[in-house]
Amino acid sequence: MRLTRGFIPTIKETPAEAQIASHRLMLRAGLVRQTSAGIYAWLPLGLRVLRNIERLVREEQDAAGAQEVLMPTIQSADLWKESGRYEDYGKEMLRIRDRHDRDMLYGPTNEEMITDLFRQSVKSYRELPQTLYHIQWKFRDEVRPRFGVMRGREFLMKDGYSFDVDHAGAVTTYRKMMLAYMRTFQRMGLKAIPMEADTGPIGGDLSHEFIILAPTGESQVYFDAAFEEMDYLSAGAGSFSHDKAEDLERFFKQMTTNYAATDEKHDTAKWEAIAPERRREGRGIEVGHIFYFGTKYTQSMGASVAGPDSKPFFPEMGSYGIGVSRLVGAVIEASHDDAGIIWPDSIAPFKAAILNLKNGDPACDALCESLYARFGGDALYDDRADRAGVKFNDADLMGHPWQIIVGPRGAAAGKVEMKRRATGERLELSPDEALARIG
RNA sequence: CGGAGCGUAGCGCAGUCUGGUAGCGCAUCAGUCUGGGGGACUGGGGGUCGUGGGUUCGAAUCCCGCCGCUCCGACCA
């Protein structure tokens, strides 16, 4: 994308309403604009990041054997009356009435709907297990939305739902999802830690929330240094596969025996049992939450299937959520400096920014154009007539992992300068070498 | 939901107390110079002062209602 043609409205001054770093930077770098309290429009740069996060989530869900569907945002109240949650959910649920005076709602979550879809079509234990997910906008009418997209009323969530024959099967699925989550967060450059959690209105008795570490996080967290050392992506010895029961067992054991707790559940005695040099504490942001809740919905909604003995039984369910739009803010909280955002390569809106320091200089223009063409759209070309300082500042603010800096001296010598945003490291290279380095 | 605050140009704000021609910085447009970390000069454009009512010769300013947004606390992907 050419910056002169792009809709990327960066702002120099801090908007008055933005209190935390990610919100401030998302507005300043032109990722989002607020349209009303807790509701945001995603601009091209922000949308590219959102789509990249979706892509990683989708890849890991698919790899773990979940299947993607897409359920509507608007639901009929009837389903929620069946499960009993229509009354329980309270004012967080946005209730709507259609022209025929039917009670509708903007979905805050989809347990009822997925259970309804399941019971319509699945009739036998032989079709189990099934895990279905979708990535869809949700609405929860928070009393006090804040922190930009981290705590909006409308937000994009990956929510998945599993159906298993029995408790053992459901627990295996739960562990599989936990592994998929750890891999997903690691790929985004985040240190995530699963922590035992309350189940809240979803119900059930086994639940973990996934907290990522960021200095500005909302809650205080305590954990064993073991979590810092874990690698969920490697293929070598000690690696984890979704498909091997013993791997999942070993993985889950490591996740649950190493100490990890938020301040609400912090256990001082257990904490002090950890060697002092292994104790870690910091601030955390919740970016995911998984639940096992058994037959709560299959039972209340009559979703039974035939077992091997031909007798009907209620499948065991779990649900698995990742706050996709929240992650955009959470990543920024975890990765920024005074100058702006520092995107991990995996979710950056562009692989690199090309900074033409002297727009109008024939050598600079020609070199930039040829570089830009070779990126095939994966670079942001700053072709504005502005001075160098403006371009440096905007590139730092937008957080591109690499900056390819083309100035008159370098261009004359056929060289470009590369700056790595995360480290500030600078290299002088030929255009070919620069492209090779970015890959 | 309890408490507090703010709505004036795209953004950040002053002006409101004490009523009298709507301002400043940045951004923007045209031009000249400049050119490696938000440059300088010259000249322009842009406002139903959130909204409805009231008081007054006269309201951004005083009074009443409404709407929107933000912050603190209790609750959450």
Side-chain angles (χ1 to χ4, degrees), chain A residues 9-20 23-24 27-28 30 33-39 53 57 89-93 107-111 133 135-160 181 185 197-202 207-212 218-219 262 264 285-291 319-330 338-340 355-361 364 382 384-397 403 405-411 416-417 419 424 426 428:
Chain A
T10 59
I11 44 186
K12 205 151 83 169
E13 282 168 286
T14 301
E17 73 269 21
Q19 297 298 307
I20 60 166
H23 190 195
R24 203 165 59 232
L27 292 169
R28 288 229 293 132
R33 285 293 182 266
Q34 180 168 326
T35 63
S36 64
I39 303 181
I53 293 176
V57 167
Y89 219 92
K91 291 193 164 179
E92 300 259 298
M93 180 147 74
T109 178
N110 288 63
E111 280 83 6
Y133 73 97
I135 299 174
Q136 177 64 290
W137 293 92
K138 303 288 184 294
F139 194 92
R140 292 184 192 170
D141 202 357
E142 298 276 347
V143 236
R144 184 145 112 77
R146 62 185 124 170
F147 305 143
V149 301
M150 299 253 289
R151 183 73 177 283
R153 291 194 293 171
E154 188 184 56
F155 56 96
L156 188 61
M157 178 162 114
K158 188 287 297 183
D159 43 325
Y181 275 36
F185 297 131
D198 293 320
T199 54
I202 310 260
S207 173
H208 285 87
E209 55 189 20
F210 295 78
I211 306 279
I212 62 137
E218 284 186 76
S219 51
T262 60
E264 296 161 358
I285 301 169
E286 181 181 356
V287 291
H289 204 149
I290 62 179
F291 305 86
S319 78
Y320 314 92
I322 292 181
V324 174
S325 49
R326 172 179 282 189
L327 271 167
V328 179
D338 289 344
L355 308 192
N356 186 343
L357 294 196
K358 195 166 184 185
N359 183 283
D361 176 275
C364 286
D382 192 342
R384 295 176 298 181
D386 292 271
R387 298 167 68 88
V390 174
K391 301 188 180 191
F392 288 132
N393 281 313
D394 271 347
D396 286 348
L397 173 63
Q403 293 170 17
I405 300 158
V406 178
R409 286 192 303 274
V416 301
E417 183 180 330
K419 178 183 154 187
R426 289 165 186 273
E428 190 141 323

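Throughout, a chain's letter reflects where its sequence line sits, starting with A, and its residues are numbered from 1.
B:C6 and B:U51 have their C1' atoms separated by 16 Å, with the value rounded to a whole Å. With P as the reference atom, B:C49 and B:G7 are 15 Å apart, rounded to whole Å. Straight-line distance between the C1' atoms of B:G45 and B:G31: roughly 15 Å, to the nearest whole Å. Rounded to whole Å, the P atom of B:G47 lies 22 Å from the corresponding atom of B:G53. Separation of the P atoms belonging to B:C1 and B:G19 is 38 Å when rounded to the nearest angstrom. Rounded to whole Å, the P atom of B:C24 lies 26 Å from the corresponding atom of B:U18. With both ends at atom P, the span from B:C33 to B:G52 equals 49 Å, rounded to whole Å. If you take atom C1' in B:G10 and the same atom in B:A27, they sit 7 Å apart, rounded to whole Å.
Rounded to an integer number of Å, the gap from CG of A:Leu27 to P of B:A27 is 19 Å. Rounded to a whole Å, the OH atom of A:Tyr89 is 8 Å from the P atom of B:A77. Taking atom CD on A:Glu264 and atom P on B:A74, their separation rounds to 11 Å, with Å as the unit. Atom CZ of A:Arg409 and atom C1' of B:G35 are 11 Å apart (whole Å). Atom CG of A:Asp361 is separated from atom P of B:G36 by 12 Å (rounded to the nearest Å). Going from atom CD of A:Glu218 over to atom P of B:C71 covers 12 Å, rounded to whole Å. The separation between A:Lys12 atom NZ and B:U28 atom C1' is 13 Å, rounded to whole Å. As a whole-Å value, the separation of A:Leu357 CG from B:G39 P is 15 Å.
Of the candidate nucleotides B:G36, B:U34, B:G37, B:U34 has the atom nearest to the side chain of A:Arg387. Side-chain proximity of A:Glu417 to the nucleotides B:G37, B:G36, B:G38 is greatest for B:G36. Closest to the A:Phe392 side chain, of the nucleotides B:C76, B:G37, B:A77, is B:G37. Listed nucleotides: B:C69, B:A77, B:C71. Nearest to the side chain of A:Arg146: B:C71.
If you check distances only, the side chain of A:Asp396 does reach the base of B:G37 with a donor-acceptor pair under 3.5 Å. For A:Arg151 against B:C75, a side-chain N or O and a base N or O form a donor-acceptor pair under 3.5 Å.
Heavy atoms from other residues, nucleotides or ligands lying under 6.0 Å from CZ of A:Arg409 number 12 at most.
The nucleotide B:C67 finds its pairing partner in B:G7, both defining distances of the Watson-Crick or G-U wobble pair being shorter than 3.5 Å. Nucleotide B:C17 has no partner under the Watson-Crick or G-U criteria, as no pair reaches both atom distances under 3.5 Å. Judged by Watson-Crick or G-U wobble contacts below 3.5 Å, the nucleotide B:C49 has no partner. With both pairing distances under 3.5 Å, B:C1 is matched to B:G73 as a Watson-Crick or G-U wobble pair. Under the Watson-Crick and G-U wobble criteria, each requiring two contacts below 3.5 Å, nucleotide B:U28 is paired to B:G44. Summarising the base pairing, B:U61 is matched to no nucleotide, lacking a Watson-Crick or G-U wobble pair whose two defining distances lie under 3.5 Å.
Interatomic distance, CD1 of A:Ile20 versus CD1 of A:Ile285, reported as 7.0 Å (0.5 Å rounding). Separation of atoms CD1 (A:Ile405) and CZ (A:Phe392) is listed at 4.5 Å; rounding is to 0.5 Å.
Nucleic acid contact for A:Arg426: base, since at least one base atom lies under 4.0 Å from a heavy atom of the residue. The residue A:Asp159 sits apart from the nucleic acid: no heavy atom pair falls under 4.0 Å. Looking at heavy-atom distances under 4.0 Å, A:Gly90 makes no contact with the nucleic acid at all. Base engagement by A:Asp394 is indicated by at least one non-hydrogen atom pair under 4.0 Å involving a base atom. Counting non-hydrogen atoms under 4.0 angstrom, A:Gly288 reaches the backbone sugars and phosphates but no base. Within the 4.0 angstrom heavy-atom criterion, only backbone atoms of the sugar-phosphate kind lie near A:Val287; the bases stay farther away. Within 4.0 Å (heavy atoms only), A:Glu92 reaches no atom of the nucleic acid at all. Nucleic acid contact for A:Arg28: base, since at least one base atom lies under 4.0 Å from a heavy atom of the residue. A:Ala339 comes within 4.0 angstrom of nothing in the nucleic acid, heavy atoms only.
For A:His289 and A:Phe291, the ring centers sit closer than 6.0 Å to each other.
Without hydrogens or angle criteria, A:Lys358 side chain to A:Asn356 main chain gives no donor-acceptor distance under 3.5 Å. Of the possible polar contacts, none joining the A:Tyr133 side chain to the A:Gly321 backbone as a donor-acceptor pair under 3.5 Å is found. Formation of a donor-acceptor pair under 3.5 Å by the A:Ser207 side chain with backbone atoms of A:Ile290 is found in this model.
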May I have the step-by-step check of salt bridge (Lys or Arg N to Asp or Glu O under 4.0 Å) for A:Glu142 and A:Arg151, ending in yes or no?
-> CA-CA 8 Å; A:Glu142 298 276 347; A:Arg151 183 73 177 283; 3.1 Å; yes

In sequence, state the C-alpha distance, the side-chain angles, and the governing distance for A:Glu111 and A:Thr109, and then conclude on side-chain hydrogen bond (donor to acceptor under 3.5 Å, both in side chains).
-> CA-CA 6 Å; A:Glu111 280 83 6; A:Thr109 178; 2.7 Å; yes

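Taking 4.0 angstrom as the limit, A:Gln19 places none of its side-chain polar atoms (N or O) nearer than this to OP1 or OP2 of B:C72.
Taking each heavy atom of A:Gln403 and A:Leu355 in turn, the nearest pair found is OE1-CD1, 4.0 Å.
Mapping A:Met157 and A:Asn393 onto RNA chain B by nearest heavy atom places A:Asn393 closer to the 5' end of the strand. Annotation: of the two residues near RNA chain B, A:Val390 and A:Phe147, the 5′-most nearest-nucleotide partner is A:Val390.
Salt bridge status for A:Glu92 with A:Arg140: absent, with no side-chain N to carboxylate O gap under 4.0 Å.
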Expected string for nucleotides 1-12 of chain B under the B/S/- scheme (protein heavy atoms, under 4.0 Å, primed atoms plus P, OP1, OP2 as sugar-phosphate) is B---------BS

